[in-house]
Amino acid sequence: MRKRKKRFSFSLDDHQEKLESYLDQPGSLDGDQIQIRLQKALLKLPEKQRLVFHLKYQEELTYEQMAEITGTSIGALKAAITMQSKKIEQYVLSE
């Protein structure tokens, strides 16, 4: 778990503009517009919310594992994931 915590302790904010410009380039992704909008929505989340999203949906960790890595309670993680989902959905549908 400590290795995972170190692996995810970098800041993505420094790279946000570069990643957004990459997503705007034609042909940079093979997905449809929803995929692009999802990626942009994820970039707009605060760093800790992006980390929680990554741990939950890409690493498929349990709430207990995520709580240990982030130092957050399970209840707070569940609330954060609910809020993230709503933010992402609003962004994707409004874009």
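None of the values given here were measured: they were computed from a predicted structure.
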Which heavy atom in [X] sits nearest to a heavy atom in [Y], and how many Å separate them?
| X | Y | value |
| --- | --- | --- |
| Gln84 | Gln49 | NE2-O, 2.7 Å |
| Leu45 | Arg50 | O-NH1, 2.6 Å |
| Tyr63 | Leu77 | O-CD1, 3.6 Å |

Subject >> Backbone of Gln65 reached by a side-chain donor or acceptor of Glu68 within 3.5 Å >> reply: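 Looks like no, no N/O pair under 3.5 Å.
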**OP:** Determine, stepwise, if the pair Tyr57 / Val52 fulfils side-chain contact (heavy atoms from CB on, under 4.5 Å).
**Re:** CA-CA 8 Å; Tyr57 296 107; Val52 170; over 6 Å; no
From [atom1] ([X]) to [atom2] ([Y]), nearest 0.5 Å:
| X | Y | atom1 | atom2 | answer |
| --- | --- | --- | --- | --- |
| Glu59 | Met66 | CD | CE | 11.5 Å |
| Leu55 | Ile69 | CG | CD1 | 5.0 Å |
| Ser85 | Gln90 | OG | CD | 11.0 Å |
| Phe53 | Ile81 | CZ | CD1 | 9.5 Å |

**OP:** Evaluate the criterion side-chain contact (heavy atoms from CB on, under 4.5 Å) for residue pair Lys56 and Leu61; output intermediate values, then yes/no.
**Re:** CA-CA 5 Å; Lys56 170 97 173 119; Leu61 299 182; over 6 Å; no
